[in-house]
Amino acid sequence: MKYLLLTVLLLSSQIYSQTFTKITNTPPSQDGGASRGVNWIDYDNDGKLDLFVTRGPSAGATAYLYHNEGNGVFTKITSGPLVSTSMKADGSSWGDFNNDGNVDLCVATWWNQIDFLFQNNGGGNFSFLNTNPISSFAGYSETCSWGDYNNDGMIDLYITNSAAASKNYLYKNLGAGNFQKIDTGLVVNEVDSSRGAAWIDIDNDKDVDLFICNENHNINSVFRNDGNGNFTKITNTALTQIQGEWWSASWGDYDNDGWLDVFTSNWGGKNALYKNNGNWNFTTVTNDTIVNDAGKNAITGWGDYDNDGDLDMFVTQSYGSSALNNMLYKNMKMESGTASFQRISAGDLTNNNGWTYGFAWGDYDRDGDLDIFCANTFNENDINALYRNDNNNGNKWLEIKCEGVTTNRSAIGSKIRVKAVINGQSVWQVREIDGQNGYCSQTLEQHFGLGNATVIDSLKIEWQSGAVSVFTNVAVNKFYKAIEGQSSLVGVSNNTIVQPKDYKLNQNFPNPFNPATKITFTLPVNEFATLKVFDVSGREVGSLLSEEKQAGHYEIEFDGSDLSSGIYFYSLHTTGYSETKNMVLLK
């Protein structure tokens, strides 16, 4: 008992630090001026996260677009409608609205200006769709979010407005680049000075519900999706009880119980955290540091910055009477067994001394940890900031990009569940692919910290179409692409997508198989493999993952010396390739 008490006291007194380094010698950290929204997005499908930043002064300004060249190098794009069109912008959302494989863009604008819809034509070329209904209505828009609310495989668009007596917009995707403005229903007829909006599957019924942040001493709004485009307003829940200056809402499973919880920012007051208990039952968290720090809270975002297997929180500060510092909260779930938060104050990231509007998490250098970009706006004349995560704690990770087929191509609305053994415990984590990760923030790729896990037991993708993909014994410390309907993950290494290929590894299997001889496969650099052997009843009798024998050289072995003679089946999976064959074991 004395030893247990000492352990708890030592744990509670630990001081945790952040691992971020401010990078100044790169174009994204040399521009500024009334910056607003931030998107990490691979707009040209080269496997690297590019950066898009909006700006919103009353006189208008052009946005910033930076192409990621790899190895931490960015090129500023200076031509094309995306960076030459003057916009009075706030939030922005990327999504492939025409399912052609190229992510398109909507930019929401304030100051009674039209919103802007840009079509991605591939090769870094964009067109401004000035006659589209989305680009036809002037207003005081705050942000926008793509989401397929009627499950027809095409993403629709929701845009919030905050000026007095202004309503929010809903655009239904009709296909072929055509949209219809929806003017009936509660989701487009309330007047609540809305800021952030999120399409999110709150009740795990595989359709996206709608959550809206409202300012001007209003309560937030939540609408349950009943299917076929019908919504019911939910009022008897903790989510809709507190008035405030609500700006941003970020949904994430911070306690790893399989339900998406929500953290909301309250500008000028205290933020709110709601634990999702299922069946539209939420508990308001009151006794935690994360909800007891008042401030000029702006944008929120979940991200496992230390890769330990639980979601941490970053909150920006903006528009105070003086310069402010942003807030980082470390989740103590994996350290203590209880989801609670510790505020981290030391380091570059939380000592910016200015105002930050939007931000976004994203692994721009592909080293397996989440970096962060902040759109700074102190006195509307601040320089933006890129923070590189230099985490070296050895924790494992997974990053994945999903591509829908029946589901919309961007896979927005789909859930990814990952199971791994961390600290000796089996842990499930979940992420949902969102059109808006928080007001003025977005990243379509999903990142999982895995602590000391050696392998991912199960990776399950619940596509919004209703299809489910399951992968087992997935290697850690990898970036994958998952395509709906395909039985294998596509590996990404050295920033290049590795397309499926047949290595014909079965040719190395003698048949009959002599158990006295171990079978060895040599795999290409950065590849991995899993070998499983089954008896005729389907019972698994052996399994082995590829092991690194020397730098860049992987081998996989199977020893059947413990098996009796008979017919067996082996199942071999490599990056982008799988096969099942039979073999005869003779002794």
Do [X] side-chain atoms and [Y] backbone N/O form a donor-acceptor pair below 3.5 Å?
X      : Y      : result
Gln446 : Cys402 : no
Asn256 : Gly309 : yes
Asp348 : Tyr387 : no
Trp361 : Gly301 : yes
Ser336 : Thr338 : yes
Gln442 : Ser93  : no
Asn477 : Trp397 : yes
Trp199 : Ser145 : yes
Asp304 : Phe448 : no

Parallel, tilted or perpendicular, as decided by the 30° and 60° cut-offs, for the rings of Phe378 and Trp355: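 Perpendicular, since the angle between the ring planes exceeds 60°.
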
Can you classify the ring geometry of His67 versus Tyr43 as parallel (below 30°), tilted (30 to 60°) or perpendicular (above 60°)?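 The arrangement is perpendicular - the two ring planes meet at more than 60°.
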
Test: Asp308 and Lys330 ion pair at under 4.0 Å: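 The answer is yes: the pair qualifies as a salt bridge.
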
Donor-acceptor side-chain pairing of [X] and [Y] below 3.5 angstrom:
X      : Y      : value
Asn408 : Asn99  : no
Asn384 : Tyr64  : no
Asp312 : Trp302 : no
Gln119 : Asn121 : yes
Thr75  : Glu69  : yes
Asp293 : Tyr329 : yes
Ser248 : Ser265 : no

Sequence neighbours excluded - salt bridge (Lys or Arg N to Asp or Glu O under 4.0 Å) pairs with any residue from residues 423-437: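 Output for this query lists Lys415-Glu432.
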
With ring-ring contact (aromatic ring centres under 6.0 Å, His included) as the test, pick out the partner of Phe359 among Phe314, Tyr439, Phe373.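 For Phe359, the ring-ring contact (aromatic ring centres under 6.0 Å, His included) check succeeds only for Phe314.
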
Would you say the side chain of Val468 lies within less than 4.5 Å of the side chain of Ile461, judging by non-hydrogen atoms?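 No, every pair of side-chain atoms sits at 4.5 Å or beyond.
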
Taking the ring centre of each residue, are [X] and [Y] less than 6.0 Å apart?
X      : Y      : answer
Phe74  : Tyr364 : yes
Phe52  : Trp94  : yes
Tyr254 : Phe341 : yes

What verdict does the salt bridge (charged side-chain N to carboxylate O under 4.0 Å, His left out) test give for Glu380 and Arg36, after you've listed the backbone C-alpha separation in whole Å, the side-chain angles of each residue and the deciding distance to 0.1 Å? CA-CA 10 Å; Glu380 304 288 54; Arg36 297 288 191 266; 2.8 Å; yes

Closest heavy-atom pair and its distance - [X], [Y]:
X      : Y      : answer
Ala298 : Ser318 : CB-CB, 4.0 Å
Cys106 : Cys144 : O-SG, 3.4 Å
Ala34  : Thr377 : CA-OG1, 3.5 Å

Check Thr356, Asn376, Asn297 against Asn326 for a side chain to side chain donor-acceptor pair (under 3.5 Å) and give me the one that passes.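 Only match with Asn326 under side chain to side chain donor-acceptor pair (under 3.5 Å): Thr356.
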
Any chance you could lay out the side chain to side chain donor-acceptor pair (under 3.5 Å) test for Asn393 and Asn391, step after step, and finish with the verdict? CA-CA 6 Å; Asn393 60 14; Asn391 178 16; 3.2 Å; yes

